[in-house]
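Numbering starts at 1 and runs along the sequence shown. All values below were derived from every heavy atom in this structure, side-chain atoms included, with hydrogens, water molecules and symmetry-related copies excluded. Remember, it's 1-based here, ligands and their atoms both numbered in the order they're listed.
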Amino acid sequence: MKILLLLVLSMVVVAREAAAQEVQCDRERAAMVESIRAYARRSQASVLGQRGLSERVLEAMGRTKRHLFIPERSCSIAYADRPASIGHGQTISQPFIVALMTELAEVTPDHVVLEVGTGSGYQAAILAHLARKVCTIEIVPSLAEAAAKTLKEFGYDNVSVRAGDGYAGWPECGPFDAIVVTAALGEVPSPLIEQLKVGGRLVMPVGSAYTSQQLTVVEKVAPDKTTTRAVAPVRFVPFTRSKD
Ligand code: SAH
């Protein structure tokens, strides 16, 4: 009887600690959203134009639990406005950059979106809050597998993950209203432009992998015509190519 009581008491203590931890995580995530909002206000004119960051994007950032996508699931690491390591030498971008890329992609609830560079699945989760369907490709199979598992575990059932080289896009999943590429390459892959709908946008760091790149927005204005604008200097991990 005594042992049973002790067992129940220790279970209550563990549950209360977990609940307190969740409250602390929610607080830290809310603070992260406020720091993104403040950062956006400061850089608004040059980077985002007069519109600034939309409430829809900020809300998606507030609803997505970034700590679930990093290896230790640590809130103090997850909610600092810094890149976070996800293993295999890869990182999730600083939250402000995730918000910025999402904003520039101009995603609406009826959209089908492609992401190249799934990594942890965090950016895909943000997009999943805003779009109808998200297809995401990751070249490192174990990262693709882990991201698919996390996304499934937390109910992101409008996201499909595929392991492979995203250079060729994912024609069976498209055409796409928006494409977000989260690894740096010197040129925009032409298959991605082909799979973009007219009126759609592609957001990608363009430039050499080992220096800083320009975060670039390509808009498909007609079947054979695009416009390109560089938005801000950024630093991303390299876009790698499969050998086959
Ligand atoms: N968007 C991710 C972070 C991406 S880091 C997140 O939210 O966590 C960039 C990712 O792009 C890495 O995981 C890297 O393995 C992947 N990558 C690099 N080249 C690629 C390619 N050709 N096709 C698909 N993924 C690629």
Pair [X] + [Y]: basic N to acidic O under 4.0 Å:
X: Lys225; Y: Glu219; value: no
X: Asp110; Y: Arg132; value: no
X: Arg29; Y: Glu34; value: no
X: Glu59; Y: Arg56; value: no

Enumerated ligand 1 atoms positioned under 4.0 Å from heavy atoms of [X]:
X: Asp165; result: 21 (C), 22 (N), 23 (N)
X: Tyr122; result: 7 (O)
X: Thr91; result: 3 (C), 4 (C), 5 (S)
X: Val237; result: 5 (S), 9 (C)
X: Leu143; result: 13 (O)
X: Gly166; result: 21 (C), 22 (N), 23 (N), 24 (C)
X: Gly164; result: 23 (N), 24 (C)
X: Ser120; result: 6 (C), 7 (O), 8 (O)

Write out the residue and atom name of the closest protein heavy atom to [atom], then the distance separating them to 0.1 Å.
atom: atom 12 (C) of ligand 1; value: Gln90 OE1, 3.3 Å
atom: atom 4 (C) of ligand 1; value: Thr182 OG1, 3.3 Å
atom: atom 20 (C) of ligand 1; value: Ile139 CG2, 3.7 Å
atom: atom 15 (O) of ligand 1; value: Glu138 OE2, 2.6 Å
atom: atom 11 (O) of ligand 1; value: Gly117 CA, 3.2 Å
atom: atom 7 (O) of ligand 1; value: Gln123 N, 3.0 Å

**Report entry** Shortest non-hydrogen contact from Arg201 toward Leu104
**Finding:**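 That would be CD-O, 3.2 Å.
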N/O to N/O below 3.5 Å, does that happen between [X] and ligand 1?
X: Thr240; value: yes
X: Arg241; value: no
X: Ala183; value: no
X: Glu115; value: yes

Query raised in the report: Are any of the side-chain heavy atoms of Arg162 and Cys135 separated by less than 4.5 Å?
Result: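 Arg162 does not reach Cys135 side chain to side chain.
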**Report entry** Heavy atom of Pro238, distance to ligand 1 below 4.0 Å
**Finding:**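 Distance cut 4.0 Å: Pro238 passes for ligand 1.
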Requested in this report: Could you tell me if any non-hydrogen atom of Thr118 lies under 4.0 Å from any atom of ligand 1?
Outcome: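 Right, Thr118 reaches ligand 1.
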As an exercise, state the distance from [atom1] of [X] to [atom2] of [Y], rounded to the nearest 0.5 Å.
X: Thr118; Y: Gln90; atom1: OG1; atom2: CD; result: 11.0 Å
X: Leu143; Y: Glu138; atom1: CG; atom2: CD; result: 5.0 Å
X: Asp157; Y: Lys152; atom1: CG; atom2: NZ; result: 10.0 Å
X: Ile179; Y: Leu192; atom1: CD1; atom2: CG; result: 5.0 Å
X: Ser242; Y: Ile139; atom1: OG; atom2: CD1; result: 5.0 Å

Query raised in the report: Counting heavy atoms only, which part of Ala147 comes closer than 4.0 Å to ligand 1: side chain, backbone, both or neither?
Result: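 Neither part.
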**Report entry** Six-ring centre of Phe69, Arg66 cation under 6.0 angstrom, axis tolerance 45°
**Finding:**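 Not flagged: Arg66 not positioned over aromatic ring of Phe69.
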Requested in this report: Consider only side-chain heavy atoms of I, L, V, M, F, W and Y, link residues closer than 4.5 Å, and tell whether Ile97 and Val206 are in one cluster.
Outcome: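 Not linked; separate clusters.
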